[in-house]
2 protein chains.
Amino acid sequence: MSLTGNGPTLRDVAVMAAVSIKTASRVLNDDPAVAAPTRAAVMEAMRALDYQPDPAARSLRAGKDRLVGVVIDSIGDVFFAQLVAQIEATLDTAGYRVLVASSNRDPVRERDLVQSFVSRRCAGVIVAPNGPDTLADLRMRDVPVVFVDRAGTLAGSQSVVSDDVGFGRTATSHLIAHGHTRIALLSDTPVIDTTRQRHEGFRAAMAEAGLPVDERLVRTDCPGPAEVMRVVPALLGMDEPPTALISTNTRLSLGVVPALHQRGRTDVALVAIGDFAMAESRSPAVTVIDHSPERVGDAAAAAMLARLAPPGDQPSQDPTVIVPARLIARGSGELLP
Amino acid sequence: MSLTGNGPTLRDVAVMAAVSIKTASRVLNDDPAVAAPTRAAVMEAMRALDYQPDPAARSLRAGKDRLVGVVIDSIGDVFFAQLVAQIEATLDTAGYRVLVASSNRDPVRERDLVQSFVSRRCAGVIVAPNGPDTLADLRMRDVPVVFVDRAGTLAGSQSVVSDDVGFGRTATSHLIAHGHTRIALLSDTPVIDTTRQRHEGFRAAMAEAGLPVDERLVRTDCPGPAEVMRVVPALLGMDEPPTALISTNTRLSLGVVPALHQRGRTDVALVAIGDFAMAESRSPAVTVIDHSPERVGDAAAAAMLARLAPPGDQPSQDPTVIVPARLIARGSGELLP
DNA sequence: TTCGACGATGACATCGATGACACGAGGAGG
DNA sequence: CCTCCTCGTGTCATCGATGTCATCGTCGAA
């Protein structure tokens with residue numbers, strides 16, 4: 001009597017087909033060394049019993065499971081939700097299942113989650129890292145790791161990131177091209193890799209144009225929409241207020257847009273990094289830099305599948321894949337000072 | 001030599017502590033029948049080796065895994081993303097991991113996913129069902145099922161849904177109270193349970209007010225924002241156009257709002273079912289009925305944990321938990337005809 | 001005719017952990 | 001002083017599948 005009350009096992013299939021368990025297992029694994037009639041009998045039995053292999057047993061014996069762990073900041077964040085959706089879709093075609101967990105930006109939790117995924121025999125792990133070397137010293141059992149959104153450091157791993165420097169640079173030079181010289185940058189802490197790089201792009205573009213950076217306009221104290229709604233009025237109330245704003249991520253845009261709206265400031269130029277729902281239907285419509293979660297997710301999943309493929313046809317990829325920037329001009333970024 | 005190159009096993013711990021594997025296992029499972037010094041020695045060994053139990057082996061032997069499968073329409077959908085985030089957070093406190101998969105509204109895929117989760121020995125499954133009886137005839141092994149968002153039918157299961165009839169009724173009577181009599185309902189197909197119930201609430205409110213329902217204003221042909229953007233102008237172009245709109249879900253609101261905006265129609269009343277980012281910062285701000293994914297998710301996870309608790313302290317809950325409606329008046333729903 | 005090769009299949013151990021049950025030591029009760 | 005019981009612990013089988021190696025025909029080559 002089965003403890004689990006579970007469905008039929010390979011043993012049941014074997015009995016019904018009058019072969020040994022091993023032979024049934026061979027059929028299950030497409031082992032060519034099975035005579036055609038035998039194979040047919042086994043397959044028939046599997047169908048008749050509606051047999052389904054037990055992943056736990058397989059995983060235990062084989063040491064691998066068709067499972068990919070995904071650790072991101074939060075599954076509730078729109079960007080990551082769409083990222084995961086795409087990862088799931090791409091991996092699904094290869095028969096992999098997705099285990100998700102939110103790190104809440106906590107490097108320790110991130111580490112623990114990855115370790116637990118590895119212990120769980122995940123075939124691979126996709127991680128949005130919170131800082132450098134978060135995964136150092138883990139017993140990785142050669143489980144392939146792909147970092148997304150932010151580059152990670154780990155021997156043999158691969159990163160799929162966006163062109164964050166390009167994001168910052170493109171947004172900035174777009175505004176400069178429209179005559180702006182006092183440009184404010186709204187961002188969370190530059191501890192985050194992507195944030196730092198967007199800053200870098202901003203400064204590079206300013207330098208290239210020979211413009212000075214007023215540090216009072218570089219705000220790194222905006223973790224979320226609530227803070228932004230306080231910071232924007234403060235900026236606009238300065239003696240020499242900025243004529244243009246750059247919102248460095250979608251979460252912040254969700255604060256910048258209402259803040260401007262509340263004050264009826266349709267004259268302040270704005271470029272948002274990361275597209276968002278209804279950006280098109282504002283007045284003016286919001287110019288954004290498309291930070292497509294789908295493209296990043298698809299690239300990450302593809303990279304993972306490549307590493308999961310049987311060794312030999314390893315495409316030996318670049319250690320870092322960069323998804324490029326794309327500016328979508330809609331009006332708010334084209335306002336003149 | 002281990003096939004997996006994995007970390008230490010219980011055997012290693014046992015050897016180091018100079019006890020049998022079984023005793024080590026007892027310590028691991030908090031079996032009281034272990035002498036204090038022995039327990040201490042084993043724990044010390046576990047710490048020293050940084051031992052981590054193998055979920056696959058446990059799951060195989062015990063027939064259960066600390067994993068809860070979640071099957072929703074799409075993890076990319078904001079509503080479900082937040083729902084899952086909350087589920088994850090609540091389950092995490094009890095040490096459960098989340099396995100997610102998107103059904104894409106396909107009942108067959110939904111069925112397969114649930115079956116695969118059950119075969120995988122998930123301790124429980126949370127499902128947003130796509131139609132009645134989608135899970136009939138599955139070998140469920142007594143795995144508890146909790147349906148979310150839409151009620152499901154399955155012996156012994158539980159549903160956590162929103163008060164969808166109430167959503168429809170509240171939205172409608174709110175508009176009626178502000179003098180509207182020609183109210184258009186924008187929705188996707190009433191095959192979806194929640195949609196049907198919102199319709200029901202709409203008709204009930206109309207009937208209670210003694211108002212006739214003009215069937216031309218009841219649009220069930222809006223699967224997404226794109227269609228809505230065609231339908232809204234068509235409605236407003238009628239001989240006797242509606243003076244108020246009800247958007248029955250967030251996805252549609254993302255089309256209704258731009259559609260009205262494009263035409264500068266700030267005079268049309270609107271109540272949206274489901275809150276969304278920046279609903280507050282429109283002109284007029286959008287009156288919504290808060291369809292809080294967090295509350296639904298938390299209730300679902302709590303219900304699951306209750307069923308997962310050791311039998312005996314089963315709180316014998318209601319088969320259906322209903323999260324109530326809450327209208328947030330912001331302006332657009334209070335416009336007069 | 002005999003032997004080696006090969007094709008098809010099965011017996012058995014194994015992955016890491018837990019359940020059933022047995023066993024030895026020591027204390028209580030007759 | 002001898003049972004009987006309890007406590008702490010160990011032995012063995014088991015969960016469901018797969019790797020290793022043995023076995024048994026059968027057929028072609030010497």
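Not measured: the values here are computed from a predicted model. Protein chains get the first letters and strands the later ones, always in sequence-line order, with residue 1 at the start of each.
Residue A:Q52 contributes atom CD, which lies 15 Å from atom C1' of D:dA17 at whole-angstrom precision. At whole-Å resolution of the value, NZ in B:K22 and C1' in C:dC23 are 16 Å apart. Look at CZ on B:R120: it is 17 Å from C1' on D:dC15, rounded to the nearest Å. Straight-line distance from the CZ atom of A:R39 to the P atom of C:dG7: 15 Å, rounded to whole Å. Atom CZ of B:R58 is separated from atom C1' of D:dG16 by 19 Å (rounded to the nearest Å). Separating the CG atom of B:D65 from the P atom of D:dG16 is a distance of 15 Å, rounded to the nearest angstrom. Spacing between atom NZ of A:K64 and atom C1' of C:dC15 amounts to 15 Å, rounded to whole angstrom units. Atom C1' of nucleotide D:dG16 and atom CZ of A:R11 are separated by 10 Å, given to the nearest angstrom.
Between A:R26 and B:A57, the residue anchored closer to the 5' end of DNA chain D is B:A57, taking for each the nucleotide with the nearest heavy atom.
Residues B:D298 and B:Q86 share a closest heavy-atom pair of N-CG, 3.4 Å.
Of the candidate nucleotides D:dA17, C:dT18, D:dT9, D:dA17 has the atom nearest to the side chain of A:Y51. Here the side chain of A:S20 is nearest to one of C:dG10, C:dA8, D:dT18, namely C:dG10. Comparing D:dA17, D:dG10, C:dT18 by their nearest atom to the side chain of B:L10 picks out C:dT18. Comparing C:dA17, C:dT18, D:dT11 by their closest approach to the side chain of B:N29 singles out C:dT18. Checking C:dT18, D:dG8, D:dA17 against every side-chain atom of B:L28, the shortest atom distance belongs to C:dT18.
Using a 4.0 Å cut-off, some side-chain N or O of B:T38 falls inside it from OP1 or OP2 of D:dT9. Using a 4.0 Å cut-off, no side-chain N or O of A:R61 falls inside it from OP1 or OP2 of D:dG19. A:T23 has a side-chain polar atom (N or O) that falls below the 4.0 Å cut-off from OP1 or OP2 of C:dG10. At the phosphate of C:dG16, neither OP1 nor OP2 sits under 4.0 Å from any side-chain N or O atom of B:T9. The phosphate of D:dT18 has OP1 or OP2 within less than 4.0 Å of a side-chain N or O from A:S25.
Between B:R39 and B:D31, none of the side-chain N atoms (NZ, or NE/NH1/NH2) sits under 4.0 Å from a carboxylate O, so this pair counts as no salt bridge. At a threshold of 4.0 Å, the pair A:K64-A:D142 does not count as salt-bridged, since none of the basic side-chain nitrogens sits closer than that to a carboxylate oxygen.
Within the nucleic acid shown, B:A33 comes within 4.0 Å of at least one base atom, counting heavy atoms only.
Judged purely by atom type and a 3.5 angstrom limit, B:D106 uses its side chain to pair as donor or acceptor with the backbone of B:V108.
The shortest side-chain heavy-atom distance between A:V160 and A:F147 does not fall under the 4.5 Å cut-off.
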